[in-house]
Amino acid sequence: MGDAASLLRITDVSKAYPAVLANDRVSLEVKPGQIHALLGENGAGKSTLMKIVYGSVRPDSGSIEWRGQKVDIHNPAQARALGIGMVFQHFSLFDTLTAAENISLAVPGSIAELSDRIRAASKQFGLDVEPDARVQSMTVGERQRIEILRCILQEPQLIIMDEPTSVLPPQGIEKLFKTLRSLAKEGIGIIFISHKLDEIRSLCDIATVMRAGRIAGVVDPKEESAQSLTKLMIGHDIPKPTQRQDHTTAEDRFQVSNLNVMPSDPFAPALRDLNLTIRAGEIIGIAGVSGNGQDALTRALSGELKLPMAQNTAITLDGQGIGAKGAAKRREDGIHFIPEDRLGRGAVPIHTLAENAGLTTAHRGIAEFGFLNLKKRRALSQDIITKMQVRCGGTEATAQSLSGGNLQKFIVGRELALTPKVLIVSQPTWGVDVGAAAAIRQHLIDLRNSGAAILVVSEELEELFEISDRLHVMFRGELSPPVSINTTDIEQVGLAMAGDFAALKNPTEQMAAQHG
């Protein structure tokens, strides 16, 4: 018989895959009313362990106790029946169904009743979800909000949350934390997985740290610094990205002028009279809560969404109109894109890393005279794995076998290997551990210092302030004028993300100063 005071007790759980030992005799305990952080690098075994608790993965050995009783959780339905809810980092939603229909698969009630509950909960928790919108038209951030709401509406006794704050503005994060603290006071246990160490230190009562599939330590995060937690996770300190060098020139490399896009999705905002300029040797950041038009913007800029010939000059590269060109032609011109959706638009899940390496590189020597050069493709793949320190089973490992962070490192490395003139990046470090995030940001800074023009769309404001030269805020399809990161702060940008562009300090004067 286990300890009845424990809500969940995991003892010596192990899980092995052909290429990796994901969990190696892992033990963890969560008590009622406790907010328990689970930390570790990408590939440390956190998600595998939580999938075992939720019944999505079967352990090879070890035991699980729920409220003092040993249980064998065979599937998520059984986990939910026990009172365990989970918000996945990689979503489990049906694209062709609406938000309400997806939630109805796990929460009882009619669609009309659920729609009312979704709207009420959206307002209460600061999670903007339209019940009637179809998932296939949603951004990654919008999909994650559905996952969070679906879990909360199940009224579980234990909530497992994997990177839940990546979709929220600063004001929304504190609102969610207030909700989680309130749930904890009611006796609900929470396992909180996040790479944002300041959030862990602010919110959580205890932290279990994993490294290479094992428990590296159990600490009180409030008594730790971000640096000490990082060192416990990866075994050494993380160097901060080097200071940006001023390589900006007067050359306007990539320009958007009065861009208007009416999306096919009725729930997505239209892009209205968007203007932005990226000079060679400059990083421009786009801040904003997911779902405010960022997806339509990146599709238009990357060429996934071709503009009519009449709008060809709405997007220019070195002064030449390219708006009517498709994605392949823009890649040939030196414009590359890293999408936020890693397993949908960034990679083919069932293809190997070598095959995925060739998806955007065929025009750069991988294909010759209509034939693929498999040796070159494999060499490129291995070079990316080595340079980006991707943890995987080699070049023949499938994309879907990698953790989210390791797949992101591979995709970023693939595009950086092509030394683009213009790089458009959406959520470059979403769900990526602190070490990998620092490395990715440094790669972007290095590319910028080499003279590339870079656009970074991110909901991580600290990231934008760390790497950007100037930034815009996007709200309901509109862009604020650009502001210098040296003359604004996170609080002002957070207010602008809620629609208050006036909170940004003298944006017009700053823009004039930048060009003056």
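Values below: every heavy atom of this structure, side chains too, minus hydrogens, waters and symmetry copies.
Put simply, the side chain of H472 gets close to the backbone of S480: a donor and an acceptor are under 3.5 Å apart. The backbone N or O of T398 sits less than 3.5 Å from a side-chain atom of S401, completing a donor-acceptor pair. A donor-acceptor contact shorter than 3.5 Å links the side chain of T230 to the backbone of A226. Of the possible polar contacts, none joining the D198 side chain to the K196 backbone as a donor-acceptor pair under 3.5 Å is found. Panel note: side chain S381, backbone R377; no donor-acceptor pair is recorded below 3.5 Å. When atom types are taken as modelled, the side chain of D469 and the backbone of I283 share a donor-acceptor pair closer than 3.5 angstrom. Listed for the R211 side chain is a donor-acceptor partner under 3.5 Å among the backbone atoms of L232. Counting only distance, with no hydrogens or angles, the side chain of S27 and the backbone of D12 share a donor-acceptor pair below 3.5 Å. No donor-acceptor pair under 3.5 Å is formed between the side chain of R470 and the backbone N or O of I284. At distances below 3.5 Å, at least one donor-acceptor pair connects side-chain atoms of S450 with backbone N or O atoms of L447.
With sequence neighbours excluded, no residue satisfies salt bridge (Lys or Arg N to Asp or Glu O under 4.0 Å) with R330. For S14, the side-chain contact (heavy atoms from CB on, under 4.5 Å) partners two or more places apart in sequence, or in a different chain, are D24, R25, S61. Partners of F475 according to the ring pair (Phe, Tyr, Trp, His ring centres under 6.0 Å) rule, which considers only residues two or more places apart in sequence or in another chain, do not exist here. N312 pairs by the side-chain hydrogen bond (donor to acceptor under 3.5 Å, both in side chains) definition with nothing, not counting sequence neighbours. Listed by chain and residue number, R272 satisfy the salt bridge (Lys or Arg N to Asp or Glu O under 4.0 Å) test with E478 (two or more places apart in sequence, or in another chain). Residues that satisfy the side-chain hydrogen bond (donor to acceptor under 3.5 Å, both in side chains) test with D95, not counting sequence neighbours, are R143. Under the side-chain hydrogen bond (donor to acceptor under 3.5 Å, both in side chains) criterion, K15 pairs with no residue, sequence neighbours left out. Listed by chain and number, the residues in a side-chain hydrogen bond (donor to acceptor under 3.5 Å, both in side chains) with Q311 amount to none (sequence neighbours excluded). C151 pairs by the side-chain contact (heavy atoms from CB on, under 4.5 Å) definition with V87, P156, I159, not counting sequence neighbours.
Going from atom OG of S225 over to atom CZ of R201 covers 6.5 Å, rounded to the nearest 0.5 Å. Rounding to the nearest 0.5 Å places CD of Q255 at 11.0 Å from CG of L317. Here the straight-line distance linking atom CG of D162 with atom NZ of K46 works out to 7.5 Å at 0.5 Å rounding. A distance of 4.0 Å separates CD1 in I384 from CG in L380, rounded to the nearest 0.5 Å. Taking CG from L39 and OG1 from T208, the interatomic distance works out to 8.5 Å, rounded to the nearest 0.5 Å. The CD atom of Q427 sits 9.5 Å away from the CD atom of Q408 when rounded to the nearest 0.5 Å.
The 12-atom threshold is not exceeded at CD of Q320, counting heavy atoms of other residues, nucleotides or ligands nearer than 6.0 Å. Around CD of Q136, the count of heavy atoms belonging to other residues, nucleotides or ligands within 6.0 Å exceeds 12.
Taking every heavy atom of both residues into account, P420 and A452 meet most closely at O-CB, 3.5 Å. Across all non-hydrogen atoms, the minimal contact from A287 to V493 is CB-CG1, 3.9 Å. Nearest heavy atom pair, residue A314 against residue L259, reads CB-CD1, 4.4 Å. Residue I200 comes nearest to F192 through the heavy atom pair CD1-CD2, 3.7 Å, listed as atom of the first residue, atom of the second, then distance. Scanning all heavy atoms of the two residues, the minimum distance from I52 to V13 falls at CD1-CG1, 3.7 Å. Across every non-hydrogen atom of A300 and V261, the tightest pair is CB-CG2, 4.4 Å.
For residues 345-355, the pairs satisfying salt bridge (charged side-chain N to carboxylate O under 4.0 Å, His left out) are D295-R345, E304-R345, with sequence neighbours left out. Applying the salt bridge (charged side-chain N to carboxylate O under 4.0 Å, His left out) definition to pairs two or more places apart or across chains, those involving residues 315-325 are R253-D318, D318-K421, K325-D333. Within the structure, no pair that satisfies the salt bridge (charged side-chain N to carboxylate O under 4.0 Å, His left out) test touches residues 396-419, not counting sequence neighbours.
Considering only heavy atoms from C-beta on, F410 comes within 4.5 Å of N356 through its side chain. In this structure the side chain of L38 reaches within 4.5 angstrom of the side chain of L28, judged on heavy atoms. For the pair Y54 and I73, the minimum side-chain heavy-atom distance is 4.5 Å or more. Considering only heavy atoms from C-beta on, N23 stays 4.5 Å or farther from P59 through its side chain. The closest side-chain heavy-atom distance from R150 to L93 is below 4.5 Å. Residues N275 and S257 have side chains in contact (heavy-atom distance under 4.5 Å, counting atoms from C-beta outward). In this structure, V256 and L297 have side chains that are not in contact, with every pair of non-hydrogen atoms separated by 4.5 Å or more. In this structure, I278 and I454 have side chains that are not in contact, with every pair of non-hydrogen atoms separated by 4.5 Å or more.
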Practice item. Under the side chain to side chain contact (heavy atoms under 4.5 Å, CB included) rule, what do L301 and I315 come out as? Steps first, then yes or no, please. Key: CA-CA 7 Å; L301 299 187; I315 303 174; 3.9 Å; yes
Point to revise | side chain to side chain contact (heavy atoms under 4.5 Å, CB included) evaluation trace for L97 with V135 | key: CA-CA 6 Å; L97 300 183; V135 169; 5.8 Å; no
Exercise for review: Take V483 and V473 through the side chain to side chain contact (heavy atoms under 4.5 Å, CB included) test and state the conclusion after the steps.
Suggested key: CA-CA 9 Å; V483 292; V473 176; over 6 Å; no
Check your understanding: Could you go step by step and tell me if M497 and L461 meet the side chain to side chain contact (heavy atoms under 4.5 Å, CB included) rule?
Key -> CA-CA 11 Å; M497 288 167 65; L461 292 187; 3.7 Å; yes
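Between E41 and R391 there is a salt bridge, since a side-chain N of the basic residue sits under 4.0 Å from a carboxylate O of the acidic one.
Side-chain contact of E463 with T429: a donor-acceptor pair under 3.5 Å is present, judged by distance alone.
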